[in-house]
Amino acid sequence: MLTLANVALLSQLALQQPGETDKKPEDCSFEQIEFTINFAVGRLNHCEKTGDNQYKLFLEPEREKINPSPWYAFAVKNKTETSQTIDITLVASEGVSRYKPKRSEGDDIWHAIPFSEGDGTLQFELTLSGQTKEYIAGQEIIDNVHYIEWLSSLIKEPQQTEVISLGVSSEGRNLAALEHRVESSDKWIILIGRQHPPEVTGALALLHFGELLFSDEPYVVKFRQKYNILLVPNMNPDGVYHGNWRLTAAGIDMNRDWKNLTLPETQAMANYLKKLVKDGGKIEFAIDFHSTRKNVFYTMPEDYEPRSGVPLRNPQRVYNWIEEIEELVGSVELDYQPGAHPESGVFKQFIADEFAAHAVTYEVSDNEERNNIKKVAEAALISLINRLD
Ligand SMILES: [Zn+2]
């Protein structure tokens, strides 16, 4: 059962996240072909026609000198009645091949596109039947609306679980979360994702992890009666909306802001967690989902001494967790790397220093097989529940 406040929130969230927007790239409408980005997550800066059926598409970051992860997502429309084959060259200052091109007819099914690489360019061919439109993107498109609908679809125990908003982003988008409360327990796990908008493989891992955690499987049903859960799948809705390469709408890397807490997004989350602990809650474990070149878990060192002087609880637990994941997934390559960076402002460091709890940065390889992403996420959940029992 949704509460009244919940219904109001959900409709407000939906209103704030229209599927179509007025986003527009520069000079991207041609006689026979049009490139558009009038949808959330869309990103393409400007276009040039360089020859018969040849187009150069330019990608620009939201700020100079951020990490080279050019995100792109656009629709291509064949304006003619006949089939056309076109050559597309994506151009970015560096790193353009981090995200390999994929195509979809708008049905959420994505196909890899064969491509070749040049210096700061990525080239591929596209054949479109007459009067059709296809979506091209660096990874699957998962937008803000999807997260909100997804969170409400997870609710299994309506008396205990609800969609809430932790606060609003710089541009006023709600930070939607699923809060699962168990009266008899003071223990919490915290799950967050999408601090960096284009890190979609990390997002896929979180979606699978969350779906299993709120499924009908007896082991999770039992777990949900013992643990409180906060799930915030989309920490950076402004960045996701704009198709940013890395930053929030305020031009800040959120995962460097957890020490100084200058952003409304990090402040909202920090306030929530501090209140939860003040009210007697104990954070047992936190996971922050990301993507990078390989599968790797960044942990806190076992002997880390938090700034607060309070030693980390269960310092060995995270290593037992990883060990069991490795056993369960067999051939999928996983790595882990302990490290403490007290000045870095990353989330796992914040959780250790503020709450003496272990948090992990769960990085998924950009090009990992989608089935393997699910396999690791499932193993991560099973192993976590085994550790927390
Ligand atoms: Zn990241």
Side-chain angles (χ1 to χ4, degrees), residues 41 43 59 61-63 65-73 92 94-100 137-144 147 169-170 175 190-210 231-263 265-266 269-270 286-300 334-341 343-352 359-368 373 376-377 380:
V41 187
R43 180 82 169 221
L59 311 172
E62 57 273 20
R63 196 187 73 198
K65 297 207 168 81
I66 58 172
N67 79 334
S69 307
W71 171 254
Y72 51 94
E94 51 179 327
V96 72
S97 65
R98 176 169 176 188
Y99 300 118
K100 319 297 183 204
Q139 297 284 28
E140 295 86 335
I141 288 178
I142 304 170
D143 64 14
N144 295 328
Y147 282 114
S169 64
S170 302
L175 297 174
I190 310 295
L191 307 163
I192 74 167
R194 214 77 192 266
Q195 293 200 72
H196 297 141
E199 296 181 358
V200 169
T201 53
L204 293 170
L206 176 144
L207 290 173
H208 195 63
F209 190 99
L231 168 58
V232 195
N234 184 17
M235 281 296 299
N236 188 356
D238 296 346
V240 168
Y241 172 83
H242 292 290
N244 279 359
W245 297 13
R246 180 126 181 129
L247 309 178
T248 70
I252 304 283
D253 183 338
M254 190 187 298
N255 206 27
R256 301 292 179 269
D257 192 59
W258 293 97
K259 181 159 186 282
N260 297 328
L261 300 173
T262 68
L263 291 170
E265 295 89 346
T266 51
M269 181 73 177
I287 307 179
D288 175 18
F289 291 81
H290 289 256
S291 306
T292 188
R293 283 172 298 279
K294 59 175 183 177
N295 296 322
V296 54
F297 297 110
Y298 293 114
T299 63
M300 295 306 294
L334 299 175
D335 208 349
Y336 74 95
Q337 208 172 305
H341 307 279
E343 300 307 315
S344 65
V346 302
F347 181 74
K348 77 172 165 93
Q349 185 76 42
F350 164 74
I351 294 290
V360 173
T361 313
Y362 180 134
E363 300 269 8
V364 182
S365 165
D366 292 324
N367 302 311
E368 186 55 271
I373 295 176
V376 177

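Order of listing sets the numbers, starting from 1, for every ligand and every atom in it.
- Taking backbone and side-chain atoms together, Glu199 has an N/O/S atom less than 2.8 Å away from the Zn ion (ligand 1).
- Residues that satisfy the salt bridge (Lys or Arg N to Asp or Glu O under 4.0 Å) test with Glu265, not counting sequence neighbours, are absent from this structure.
- Nearest N/O/S atom of His290 relative to the Zn ion (ligand 1): this is ND1.
- Checking His341 against Gln349 by side-chain atom types alone, no donor-acceptor pair falls below 3.5 Å.
- Look at Arg98 and Asp366 and you find a salt bridge, because one of the NZ, NE, NH1 or NH2 atoms lies within 4.0 Å of a carboxylate O, short of that distance.
- To the nearest 0.5 Å, atom CG of residue Leu247 and atom CE of residue Met254 are 10.0 Å apart.
- Between the Zn ion (ligand 1) and the N, O or S atoms of His196, the shortest distance is to ND1.
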